[in-house]
Amino acid sequence: MDSIDVKALAKINIGLDVTGIREDGYHEVRMIMQTVNLFDKLTVKKVKDGTVSMSTNLKFLPVDDDNLCIKAAKLLINEFGIKEGVEISLEKHIPVAAGMAGGSTDGAAILFAVNNLFNLGLSKKDLMDRGVKLGADVPYCIMRGTALAEGIGEILSPLPPMIKCPVLIAKPGISVSTKQVYQSLDARFDSVKHPDIDQLISDIKAQDLKALCSHMGNVLEEVTIPMHPIISDIKQNMMDHGAVGSMMSGSGPTVFGFFEDNKTAKAAKEALTESGMVKQLYLTTLFNNR
Ligand code: ATP
């Protein structure tokens, strides 16, 4: 095999709580992660000359060592002393800097691809152990599905699959700095309202979409929404058009909405398009690996 095609799937957070700040500045989190069927496409080809390079359809993305694709490929190539290199082509669809782990999932997909391309024989667990060196979300992107993430996001416990439902994903044309969001959170950490993550886990186990939606919460909304009220407007628009629940993912600004049926979700998608509030809009489904 000289070339492999892989999909890198995005995630949303059904619940996101920050439970503490460590001495090294990292945040302790409790998050419910869910993979969605919105993905980047990657092709990884072997090259004889030992170089690691990439190209992408998004011209503003780095294509050097700052890209997690390059970092991931080099991590395995160096560890295993592989003499050949790889040429990566990345077709980006996941909104960038949007709270959907776009970079992390590309890195995870490259670890998977390089492992297969060079027959390294690494298990999923082996890949996850290496993935954490690239970023806290990378192990989850390798694991996929519905999971509880704790620690700084790297301690994972699989959960039963989520209730199947259409999901609408909307990103406004604004950028959010994750660093700034966490700094603002730190400044008012004692006064924020924390979501009940254990209750959400019970709702997932009970397969109760309505209960789940009524308990969804993301502690970062409290700091991101005042900076970007459009996030709240998009949530409201989804709710006005039949969403059972709607929330911001990660540090934002992406908003997702859960719907009971496809017809309602499609109508909500049209309404959001007409509103002119969003730049990227996808109607998709939840990914379930079990
Ligand atoms: P998270 O949900 O983990 O906070 P995010 O969605 O906020 O992630 P990314 O889409 O991963 O953020 O992008 C954040 C930054 O990472 C980008 O501005 C970009 O410069 C850099 N980056 C490095 N590699 C990639 C990649 N493969 N795809 C997208 N961005 C990348």
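Atoms within each ligand, like the ligands themselves, are counted from 1 in listed order.
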Checklist entry - Looking only at distance, does Val96 have an N or O less than 3.5 Å from an N or O of ligand 1? => result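 So ligand 1 has no N or O lying under 3.5 Å from an N or O of Val96.
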Next on the checklist: For the 3.5 Å polar cut-off, considering only N or O atoms, please tell me whether Cys69 and ligand 1 meet it.
Outcome noted: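 No: no nitrogen or oxygen of Cys69 is under 3.5 Å from one in ligand 1.
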For [atom], what's the nearest protein heavy atom and its distance?
atom: atom 4 (O) of ligand 1; value: Thr178 OG1, 4.2 Å
atom: atom 11 (O) of ligand 1; value: Gly103 N, 2.7 Å
atom: atom 23 (C) of ligand 1; value: Asp66 O, 3.4 Å
atom: atom 28 (N) of ligand 1; value: Lys92 NZ, 3.0 Å
atom: atom 19 (C) of ligand 1; value: Leu61 CD2, 4.1 Å
atom: atom 7 (O) of ligand 1; value: Gly99 N, 3.3 Å
atom: atom 3 (O) of ligand 1; value: Asp137 OD2, 3.1 Å

Counting distance only, does the side-chain N/O of [X] pair as donor-acceptor with the main-chain N or O of [Y] below 3.5 Å?
X: Glu154; Y: Pro139; result: no
X: Asp40; Y: Ile94; result: yes
X: Asn288; Y: Pro161; result: no

Item to check | Nearest candidate to atom 8 (O) of ligand 1, where distance is taken over non-hydrogen atoms, out of Ala101, Pro62, Ala97 | outcome: Ala101
Checklist entry - Of all the atoms in ligand 1, which lie at a distance below 4.0 Å from a heavy atom belonging to Leu68? => result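 The list of qualifying atoms is 23 (C), 24 (N).
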Item to check | Proximal ligand 1 atoms for Asp106, defined as those under 4.0 Å from one of its heavy atoms | outcome: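 So the atoms of ligand 1 that pass are 26 (C), 27 (N), 28 (N).
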Checklist outcome for this item: Here the pair of heavy atoms bringing Asn67 nearest to Val63 is CB-CA, 4.5 Å
Checklist entry - Would you say Lys71 contacts ligand 1, with heavy atoms under 4.0 Å as the rule? => result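 Flag not set, Lys71 not near ligand 1.
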Checklist entry - What residues, two or more places apart in sequence or in another chain, satisfy ring-ring contact (aromatic ring centres under 6.0 Å, His included) together with Phe259? => result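 Phe259 satisfies ring-ring contact (aromatic ring centres under 6.0 Å, His included) with no other residue.
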Checklist entry - Protein heavy atom under 4.0 angstrom of atom 15 (C) of ligand 1, is there one? => result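 When distances to the protein are checked, atom 15 (C) of ligand 1 has no heavy atom within 4.0 Å.
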Checklist outcome for this item: Contacts satisfying side chain to side chain donor-acceptor pair (under 3.5 Å) that involve residues 23-36 (not counting sequence neighbours) are Arg22-Asp24, His27-Asp186, Arg30-Glu150, Arg30-Asp198, Gln34-Thr146, Thr35-Tyr140
Checklist entry - Can you tell me how far the CG atom of Asp126 sits from the CG atom of Leu111, to the nearest 0.5 Å? => result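 CG of Leu111 is found 11.5 Å from CG of Asp126.
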Item to check | Met238 CE to Leu168 CG distance, which is reported to the nearest 0.5 Å | outcome: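 It comes to 4.0 Å.
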Item to check | Verdict with reasoning, His93 to Phe39, per side-chain contact (heavy atoms from CB on, under 4.5 Å) | outcome: CA-CA 6 Å; His93 299 279; Phe39 49 84; 5.6 Å; no
